[in-house]
Amino acid sequence: VRVALVGGTGNFGPPLARRLKEAGYEVVIGSRDAEKARAVAAELGVEGAENAEAVRGADLVVLTTKADATIETARQLREAIGRTPVLCVGSKLRFSPQGVLPSDDPVSLAERLQEVLDAPVVAGLHSLAAATLDDGQTPDEDVLVCGDDPEAKALVLELAEKLTDGHAIDCGPLAGSRALEAMTALIVNVNKRYRAHAGIRLTDVG
Ligand SMILES: NC(=O)c1ccc[n+]([C@@H]2O[C@H](COP(=O)([O-])OP(=O)(O)OC[C@H]3O[C@@H](n4cnc5c(N)ncnc54)[C@H](OP(=O)(O)O)[C@@H]3O)[C@@H](O)[C@H]2O)c1
């Protein structure tokens, strides 16, 4: 299975790419800059290409661009992505002196993404920190996934299962991504308050 990480050159892309490669996935790192993609990819032992090139031929596209740039990037890649399933890991957040706040948009980033893409969008992995993926041990937490398209969601759940010692949990329709994204605000506040890389565990599942 070939997975393209659009904007996979930042904090989250490389540790995710490493884990996916270890799990047997074929990974391609995407970037706005082909040279940058190839340099980051070379360190990981995977392929690298400009974003539009990276998504062509992929079985799954993960948008690992910084959250603010996700919708615009998706608009630009709409044709190249076509109907290939897309995983949205980003959250719309607001930053205030009191702490991180959930978005005041009633609709999630993942749902906004679904409005601009022809592909089925799945939301997930929000609570899996880059630092946790990078620390050499398999994360001991659950991975929560929402989506409306059963096949796309199954593909993401299978991938998520391989990233963690916890469960990959089907949390229902894509609209549930509003809760997942809002939860990111909580986790960022917890991480700051307790100097942690907090994850999520649902009890009595699986
Ligand atoms: N960091 C985490 O622990 C974590 C955990 C779970 C989910 N996430 C989510 O994962 C996503 C990536 O997070 P991150 O921390 O890796 O972000 P990041 O390092 O800030 O940015 C990732 C990549 O986004 C691309 N980018 C930046 N500005 C852009 C623009 N204006 N247009 C298009 N692309 C742009 C850059 O790639 P190029 O310059 O190479 O194009 C950059 O390397 C976010 O949506 C975040 O919410 C992060």
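None of the values given here were measured: they were computed from a predicted structure. Start at 1 with the first residue, then count along the sequence. Indexing begins at 1, ligand by ligand and atom by atom, following the structure's order.
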Give a yes or no on this: more than 12 heavy atoms of other residues, nucleotides or ligands lie within 6.0 Å of atom CD of Glu53. no
Contact atoms of ligand 1, heavy-atom distance to Ala67 under 4.0 Å: 44 (C), 45 (O)
Could you check Arg75, Arg78, Arg83 and say which one makes a salt bridge (Lys or Arg N to Asp or Glu O under 4.0 Å) with Asp118? Arg78
Is any NZ, NE, NH1 or NH2 atom of the basic residue among Lys162 and Glu22 found under 4.0 Å from an Asp or Glu carboxylate oxygen of the other? no
Shortest protein contact, atom 11 (C) of ligand 1 (heavy atom only): Thr65 O, 3.3 Å
Using modelled atom types and a 3.5 Å cut-off, is there a donor and acceptor pairing between side-chain atoms of Arg19 and backbone atoms of Leu133? yes
Using a 4.0 Å heavy-atom cut-off, say whether His126 meets ligand 1 through its side chain, its backbone, both or neither. backbone
Check the surroundings of atom CD in Gln137: do more than 12 heavy atoms from other residues, nucleotides or ligands lie under 6.0 Å from it? no
For atom 39 (O) of ligand 1, what is the nearest protein heavy atom, given as residue, atom name and distance? Lys36 NZ, 2.6 Å
Considering only heavy atoms, does Asn51 approach ligand 1 within less than 4.0 Å through its side chain, its backbone, both, or neither? neither
Within the distance-only criterion (no hydrogens, no angle test), does the side chain of Thr73 pair as donor or acceptor with the backbone N or O of Ala69 below 3.5 angstrom? yes
Can a donor-acceptor pair be found, under 3.5 Å and without considering hydrogens, that links the side chain of Gln114 to the backbone of Leu174? no
Suppose we measure from atom 7 (C) of ligand 1 to each protein heavy atom; which comes out shortest, and what is that distance? Val89 O, 3.4 Å
Using a plain distance cutoff, I'd like to know if Arg32 has any nitrogen or oxygen under 3.5 Å from a nitrogen or oxygen of ligand 1. yes
Look at the side chain of Thr138 and the backbone N and O of Asp165, then say whether any donor-acceptor pair between them is shorter than 3.5 Å. no
Give the atoms of ligand 1, by number and element, whose distance to some non-hydrogen atom of Ala129 is under 4.0 Å. 3 (O)
Contact atoms of ligand 1, heavy-atom distance to Leu128 under 4.0 Å: 5 (C), 6 (C)
Tell me which protein heavy atom sits closest to atom 16 (O) of ligand 1, plus the residue, atom name and distance to 0.1 Å. Phe12 N, 2.8 Å
For atom 19 (O) of ligand 1, find the nearest protein heavy atom and state the residue, atom name and distance (0.1 Å precision). Asn11 N, 3.0 Å
Any side-chain heavy-atom pair of Asp59 and Val3 under 4.5 Å: no
Of the side chain and backbone of Ala37, name the one, both, or neither that has a heavy atom under 4.0 Å from an atom of ligand 1. neither
Go through ligand 1 atom by atom and flag the ones less than 4.0 Å from a non-hydrogen atom of Ser91. 47 (O)
Does only the side chain of Lys66 get under 4.0 Å from ligand 1, or the backbone, or both, or neither? Count heavy atoms. both
So, is Thr64 polar-close to ligand 1, with some N/O to N/O distance under 3.5 Å? no
As a check for students: among Leu77, Thr9, Leu63, identify the option with a heavy atom nearest to atom 43 (O) of ligand 1. Thr9
Does any non-hydrogen side-chain atom of Asp134 lie less than 4.5 Å from one of Arg18? yes
Does Leu125 approach ligand 1 within less than 4.0 angstrom via side chain, backbone, both or neither, non-hydrogen atoms only? backbone
I'd like to check whether Ala130 has a polar contact with ligand 1, where a contact means an N/O of the residue lying under 3.5 Å from an N/O of the ligand. yes
Which of the ligand 1 atoms, numbered from 1, are nearer than 4.0 Å to a heavy atom of Gly90: 45 (O), 47 (O)
For ligand 1, which atoms sit closer than 4.0 Å to a heavy atom of Ser31? 38 (P), 40 (O), 41 (O)
Could you check whether any side-chain heavy atom of Pro85 comes within less than 4.5 Å of a side-chain heavy atom of Val156, counting everything from C-beta outward? no
Pair Lys92 + Asp104, salt bridge at N-O below 4.0 Å: no
Should the proximity of Ala69 to ligand 1, defined as any heavy atom under 4.0 Å, be assigned to the side chain, the backbone, both, or neither? side chain
Determine whether a donor-acceptor pair (N or O, by modelled atom type, separation under 3.5 Å) exists between the side chain of His167 and the backbone of Val205. yes
Side chain Thr164, main chain Glu161, donor-acceptor under 3.5 Å: no
Nearest protein heavy atom with distance in Å, relative to atom 23 (C) of ligand 1: Gly7 O, 3.4 Å
Looking only at distances, please establish whether an N/O atom of ligand 1 is found under 3.5 Å from an N/O atom of Gly30. no
